[in-house]
Amino acid sequence: MLAKQTPLTKQMLSKLLRASSSKPKQFKKIHALVLTSGLSVKNSLLTQLLEKLILVGDMCYARQMFDEMHKPRIFLWNTLFKGYVKNQLPLESVMLYKNMRDLDVRPDEFTYPFVVKAISQLGVLPCGFAFHAHVLKYGFETLGIVATELVMMYMKFGELSSAEFLFESMQGKDLVAWNAFIAACVQTGNSAIALEYYHKMCEDAVQFDSFTVVSVLSACGQLGSLEIGKQIYDRARKEDIDCNIIVENAKLDMYLKCGSTEAARVLFDEMRQRNIVSWSTMIVGYAMNGDSEEALALFTMMQNEGLRPNYVTFLGVLSACSHAGLVNEGKRYFNLMVRSNDKNLQPRKEHYACMVDLLGRSGLLEEAYEFIKKMPLEPDAGIWGALLGACAVHCDMKLGQKVADLLVETAPDIGAYQVLLSNIYAAAGKWDCVDKVRSKMRKLGTKKVTAYSSVEFDGKIHVFNRGDQSHVQSKAIYEKLEEILKKIRNMGYVPHTGSVFHDVETEEKESSLSHHSEKLAIAFALINGRPEHPIRVMKNLRTCDDCHVFAKFVSRLTSRDIIMRDKNRFHHFRNGACSCREFW
DNA sequence: CTAGGGTTAG
């Protein structure tokens, strides 16, 4: 490498650094050379060295180097902060900040974007407040970049109103600030708000770009707003916005999340280029829509094209097996992952949850339980939750109780699990147990999520709760519902009162059932929607048995397709049958 | 010399 007698020069060091692309061992050698050479090396060179170490993720060595420096200037501190953020070490970042202040080093405008991002990663709100105060103290809150980071931080903490307030009070918001906020809204499940801000952005005459389009399309997918999504995409095309593969993937996903598998497939086949995200989106989408055969066929096609699946692709494949009850195929794909010898492709907790779901849904509850006990990872709430869900489907009270007890310990704040358990008790007629669960929930303060359904019409999202009378067309909706119920009763519809988990008389049960949010949404769509269009209903939770039967009858009665997306999957109702074949 | 935004899954 280097001849010993050659004196080391700074130029040579620079060259060496550039040559040693990403081999941490070489950095250490070079660093040793620097230390022994006696050269007074400028910080700029050390910064280069630091940057390289950060790139390969050797933060320990980077820190060691930093600590050996004499009075490092603020930009070196910043470089280290950057490294901690890049390598997801928020705690180290906070400690470094403390060191910095102990040494009376004054942070500059570049410090806070890194530090605030670290706090977002750390996820401790009081810490966030403290850093916000520091930002104010040094007068950096007027800087767009720092303010944007603060907004993102509050969004990540679920402090939507704080984030909104901060965002609104930003002066001269640029495109990136808008995009960041809209994206954060979508990522935190506030898609309706994301669309609001997209419109505000247009009013403010800020020209949107492809980043905006991706977030808005994603929002439309979440909301099931096919028409709004199409409009925005067409507008982007008209305004010559670069619709790259990420935009196309987002559009593909929107179609699938709105239940338009055919349109999605046309788009997929026409795409100029497809990457692993395109394929995975399509496979996951088919699985969600109950088209397991297409999902698995596409997986095979992808492999034939020589593309390597990633862990998301396998989630799609496994959920396709789960929705179709393909136990053996699911096991085969799961083993494919285990045997792949690819570290990145080893089954993760989500895959185990998928397998538990697959086994449990097929009635193999004991096998699912054994599967969990044997898994090499620590089972989390999601995995036990999958088993509890299966216990609910198959009314297994004994195992259900056992699993629910485990869940109370690991995830006491998730009301959905308690609701599942109380549903199991209710189905068995154990009302005293139902009451016990309810009062326990009250005591612990666990809330259940309120069920709602939504329908897009005339560029707006119409939301319905159970027994909702707040809609302007409420009277017409209830009349329509009565009319339909009467007609389908003559066709043989019998209300499935098992879906009511309260200890009340049959008559009351029926009236409670008939006002479920899905039914109101369907009635609304029948009044307003065009007969040639399918009815699209989005539900935030799993749909109940009675609404499922109801939708089947309505699809036959009215000869309309009903596409219902619930929390887990799609139900495509046509002429009295559902695509899920009663397996959900 | 350094800083903020996007797609699948959760």
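Chain letters run A, B, ... following the sequence lines, proteins first, then strands; residues in each count from 1.
- Here A:Val284 lies in heavy-atom contact (under 4.0 Å) with sugar-phosphate atoms only.
- Atom CZ of A:Arg274 and atom C1' of B:dT8 are 16 Å apart (whole Å).
- Partners of A:Val247 according to the side chain to side chain contact (heavy atoms under 4.5 Å, CB included) rule, which considers only residues two or more places apart in sequence or in another chain, are A:Ser210, A:Val213, A:Val214, A:Leu217, A:Tyr233, A:Cys243, A:Asn244.
- The side chain of A:Phe114 has B:dA3 as its nearest neighbour among B:dG6, B:dA3, B:dG4.
- A:Asp174 comes within 4.0 angstrom of a nucleotide base, judged by non-hydrogen atoms across all strands.
- Picking from B:dA3, B:dT8, B:dG6 the nucleotide with the shortest atom distance to the side chain of A:Asp253 gives B:dT8.
- Under the side chain to side chain donor-acceptor pair (under 3.5 Å) criterion, A:Tyr255 pairs with no residue at all, not counting sequence neighbours.
- With distances taken from any side-chain atom of A:Ser218 to the nucleotides B:dA3, B:dA9, B:dT8, the minimum falls on B:dT8.
- Regarding contacts with the backbone of B:dA3, a side-chain N or O of A:Lys82 is found under 4.0 angstrom from either OP1 or OP2.
- Between A:Phe334 and A:Phe314, the ring center distance fails the sub-6.0 Å criterion.
- A sub-4.0 Å separation between OP1 or OP2 of B:dG10 and a side-chain N or O of A:Gln187 is absent.
- Contact annotation: A:Lys257 reaches the phosphate of B:dA9 (side-chain N/O to OP1 or OP2, under 4.0 Å).
- Across all strands, A:Ser210 comes closer than 4.0 Å to base atoms (heavy-atom distances).
- Each of B:dA9, B:dA3, B:dT7 was ranked by its minimum atom distance to the side chain of A:Val312; first place goes to B:dA9.
- Within the nucleic acid shown, A:Ile246 comes within 4.0 Å of at least one base atom, counting heavy atoms only.
- A:Lys173 comes within 4.0 angstrom of nothing in the nucleic acid, heavy atoms only.
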Walk me through it: do A:Lys82 and A:Glu51 pass the test salt bridge (Lys or Arg N to Asp or Glu O under 4.0 Å)?
CA-CA 9 Å; A:Lys82 181 168 112 185; A:Glu51 294 248 12; 3.2 Å; yes

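- The OH atom of A:Tyr233 sits 17 Å away from the P atom of B:dT7 (whole-angstrom rounding).
- By the 30° and 60° cut-offs, the orientation of the rings of A:His351 relative to A:Tyr311 is perpendicular.
- Taking atom CG of A:Leu377 as the reference point, atom C1' of B:dG10 lies 15 Å away to the nearest angstrom.
- In this structure, the nucleotide among B:dT8, B:dG6, B:dT2 sitting nearest to the side chain of A:Val277 is B:dT8.
- For A:Thr281 and A:Asp253, the side-chain atoms include no donor-acceptor pair closer than 3.5 Å.
- Taking atom CZ of residue A:Arg308 and atom P of nucleotide B:dT8, one finds them 22 Å apart after rounding to whole Å.
- One can place CG of A:Leu217 at 10 Å from C1' of B:dT7, the figure rounded to the nearest angstrom.
- Comparing atom distances between the A:Lys117 side chain and each of B:dT2, B:dT7, B:dG4 picks out B:dG4 as nearest.
- Proximity of residues 138-151 of chain A to DNA chain B (heavy atom under 4.0 angstrom from any strand atom) is restricted to A:Gly144, A:Ile145, A:Thr148, A:Glu149.
- Relative to the side chain of A:Val247, the nucleotides B:dG6, B:dT8, B:dT7 differ in distance, and B:dG6 lies closest.
- A:Asn244 comes within 4.0 angstrom of a nucleotide base, judged by non-hydrogen atoms across all strands.
- B:dT2 has A:Phe110 stacked on its base ring, the centres lying under 5.5 angstrom apart and the planes within 30 degrees of parallel.
- Between A:Met100 and A:Ile74 there is a side-chain heavy-atom pair separated by less than 4.5 Å.
- If you measure from atom CE of A:Met288 to atom C1' of B:dG10, you get 14 Å, rounded to the nearest angstrom.
- Spacing between atom CD1 of A:Ile276 and atom P of B:dA9 amounts to 13 Å, rounded to whole angstrom units.
- The aromatic rings of A:Phe167 and A:Tyr197 lie perpendicular to each other, with more than 60° between the two planes, well past the 30° mark.
- A:Leu175 comes within 4.0 angstrom of a nucleotide base, judged by non-hydrogen atoms across all strands.
- Judged by the 6.0 Å and 45° rule, A:Arg106 forms no cation-pi pair with A:Tyr138.
- Computed from coordinates, the A:Phe81 CZ to B:dA3 P distance equals 14 Å when rounded to whole Å.
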